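Written below as structure tokens is the structure these notes are about.
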Amino acid sequence: MPKWLFVTISFFFTLYGCTWTGATTHVFKETSIVEKEEPPKDFIPKEVAIVAIGDSLTKGVGDRTNRGGYVPYLQQKLESLKSVKEVTFESFGVRGLRSDQLLKKLDKDKTMKNALKEADIVIITIGGNDVMKVFQKHITHLKLSYFEEAKVEYEKRLQKIIQHIRKENKNIGIVLVGLYNPFHLWFSDIKEIDAIIRNWNETGKRVIMQYPQTSFVSIEEVFYNKEDELLYDDYFHPNEKGYAFISERLFYVLEKDLFHLTENIE
């Protein structure tokens, strides 16, 4: 690794710490036709309880309005649906949270456990700080194999996270938010980052789709070549516009899958 790049990355870690969520740079082309699950004819608009858990995206870091990141935008959009009477949110975001730490919280945080018991849907943002830990640990001699090894462990922990959640509430709908890439301006010369995070996203999607009543939400394309517009001053976390776009991606999926996510699992 060139000396100048090592110095730059070291400065970046010192300045922002292990608080990153996200990455990949493939452009998303959204279909113009959304096949929604239609409610039964006798359906009554329902109250939906959502719990948000995870890292800085759930915490809303970078949102200069201090309203809570994507949560208020998504809540407003969901309540605009005829099928929804009211949406309540409980948020348990922790800046810098890794998957191993989320597992511990699911074991010990009674407030979170109780919220999950009563929720219809849980939205998870996790994984970016697991990737960042690899950067920090092997900053002077980065190898793709280190990220592959960490991904294997992340996959195991993600399985356990889903199992823990379903242990608390067997009927809860589970939504996993993918990772985005804030590194275009910082480390454009490290081309492997795209492949690394793409693989982590594919792993997350593969794991989540093994379980019934789940959805994976891709947000990678939201930030593609839009860093100046959608990232906070640190060029790392989303700003309020970035969170608004994240809420649109979440709404796109939740609107389509709402009845599937909130049905009872037999």
Side-chain angles (χ1 to χ4, degrees), residues 21-22 24 28 34-39 46 48-55 57-58 70 74 78 83-84 87 89-93 97-109 112-131 148 150-180 197-220 246 249-266:
T21 302
T24 181
F28 175 83
V34 181
E35 295 183 1
K36 304 174 186 176
E37 295 185 50
E38 295 295 332
K46 65 192 314 181
V48 181
I50 300 178
V51 171
I53 64 176
D55 51 30
L57 280 190
T58 299
Y70 72 81
L74 180 59
L78 289 174
S83 58
V84 176
V87 177
F89 261 96
E90 287 194 68
S91 185
F92 298 89
L97 195 72
R98 301 188 308 270
S99 59
D100 59 314
Q101 296 168 325
L102 178 55
L103 267 176
K104 292 178 180 178
K105 284 183 66 65
L106 286 168
D107 270 333
K108 299 179 179 180
D109 191 326
M112 179 188 289
K113 290 161 71 76
N114 289 334
L116 289 169
K117 290 180 188 295
E118 302 299 324
D120 298 298
I121 296 172
V122 58
I123 300 175
I124 309 169
T125 63
I126 201 70
N129 293 305
D130 295 62
V131 176
E148 286 298 314
K151 187 184 71 174
V152 171
E153 296 305 312
Y154 168 70
E155 182 173 0
K156 293 177 182 178
R157 288 192 291 267
L158 190 56
Q159 295 273 8
K160 292 180 180 179
I161 287 169
I162 297 170
Q163 292 163 11
H164 271 63
I165 291 172
R166 281 282 162 79
K167 183 179 179 181
E168 300 297 334
N169 184 341
K170 68 177 182 179
N171 291 316
I172 194 169
I174 300 176
V175 178
L176 178 65
V177 180
L179 311 178
Y180 72 96
I197 305 304
R198 182 170 64 248
N199 289 337
W200 280 62
N201 273 331
E202 290 171 353
T203 295
K205 183 176 182 179
R206 183 176 66 251
V207 169
I208 200 74
M209 298 310 290
Q210 292 174 7
Y211 297 85
Q213 209 165 308
T214 60
S215 292
F216 179 87
V217 178
S218 171
I219 63 170
E220 59 204 51
I246 290 173
R249 293 296 303 127
L250 277 162
F251 179 69
Y252 174 83
V253 172
L254 288 175
E255 181 186 22
K256 179 170 63 71
D257 293 344
L258 185 61
F259 300 104
H260 162 68
L261 288 168
T262 56
E263 67 185 359
N264 290 333
I265 299 175
E266 299 296 335

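These figures come from a predicted structure and were not determined experimentally. Residue numbers start at 1 and run along the sequence shown.
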Nearest atoms (heavy-atom pairs only) where [X] meets [Y]:
| X | Y | answer |
| --- | --- | --- |
| Ile53 | Thr58 | O-OG1, 3.1 Å |
| Gly127 | Trp200 | O-CZ3, 3.9 Å |
| Gly54 | Leu97 | O-CD2, 3.3 Å |
| Tyr154 | Ile126 | OH-O, 3.3 Å |
| Tyr70 | Ala52 | OH-CB, 3.4 Å |
| Gly128 | Leu179 | N-CD2, 3.7 Å |

Residues forming a side chain to side chain donor-acceptor pair (under 3.5 Å) with [X], sequence neighbours excluded:
| X | result |
| --- | --- |
| Asp107 | His164 |
| Thr262 | Lys46 |
| Ser99 | Asp130, Arg157 |
| Thr214 | none |

Applying salt bridge (Lys or Arg N to Asp or Glu O under 4.0 Å), can you list everything that pairs with [X], at least two apart in sequence or on another chain?
| X | answer |
| --- | --- |
| Glu118 | none |
| Glu153 | Lys156 |
| Glu168 | Lys113, Lys117 |
| Lys105 | Asp109 |

- Distance, nearest 0.5 Å, that separates OG of Ser83 from CG of Leu78: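 Those atoms lie 8.5 Å apart.
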- Query: What's the spacing between Leu261 CG and Leu254 CG if we round to 0.5 Å?
  - Reply: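 If I round to the nearest 0.5 Å, the distance is 6.5 Å.
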- Message: Please list all pairs meeting salt bridge (Lys or Arg N to Asp or Glu O under 4.0 Å) that have one or both residues in residues 119-129, counting only residues at least two apart or in different chains.
- Response: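 Checked against salt bridge (Lys or Arg N to Asp or Glu O under 4.0 Å) - neighbours excluded - no pair reaches residues 119-129.
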Mind checking whether [X] and [Y] have side chains closer than 4.5 Å, heavy atoms only?
| X | Y | value |
| --- | --- | --- |
| Ile165 | Ile174 | yes |
| Val51 | Ile172 | no |
| Asn169 | Val122 | no |

- Message: Checking Val217 now: which residues fulfil side-chain contact (heavy atoms from CB on, under 4.5 Å) with it, not counting sequence neighbours?
- Response: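 If we apply the side-chain contact (heavy atoms from CB on, under 4.5 Å) test to Val217, skipping adjacent residues, the hits are Val175, Ile219, Arg249, Leu250, Val253.
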- Task: Using the side chain to side chain contact (heavy atoms under 4.5 Å, CB included) rule, pick out the option among Leu102, Val177, Asp55 that qualifies with Ile124.
- Result: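 By the side chain to side chain contact (heavy atoms under 4.5 Å, CB included) criterion, Ile124 pairs with just one of Leu102, Val177, Asp55: Leu102.
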Taking only distance into account, with no hydrogens and no angle test, what donor-acceptor pairs under 3.5 Å do side-chain atoms of residues 203-210 form with protein atoms, sequence neighbours excluded?
unit_1, atom_1, unit_2, atom_2, d
Thr203, OG1, Asn199, O, 3.0
Arg206, NH2, Glu155, OE1, 3.3
Arg206, NH2, Glu155, OE2, 3.3
Gln210, OE1, Gln159, NE2, 2.9

- Sidechain-backbone polar pair: Asn201 side chain, Ser218 backbone, donor-acceptor under 3.5 Å: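 The answer is no, because no donor-acceptor pair under 3.5 Å joins these two groups.
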- Task: Show the numbers, then the answer: is there a side-chain contact (heavy atoms from CB on, under 4.5 Å) between Leu176 and Ile162?
- Result: CA-CA 10 Å; Leu176 178 65; Ile162 297 170; over 6 Å; no
- Item | Check against side-chain contact (heavy atoms from CB on, under 4.5 Å), Leu116 and Leu106 | CA-CA 10 Å; Leu116 289 169; Leu106 286 168; 3.7 Å; yes
- Task: Before giving the answer on side-chain contact (heavy atoms from CB on, under 4.5 Å), spell out for Lys151 and Glu202 the whole-Å C-alpha distance, their side-chain angles and the decisive distance to 0.1 Å.
- Result: CA-CA 11 Å; Lys151 187 184 71 174; Glu202 290 171 353; over 6 Å; no
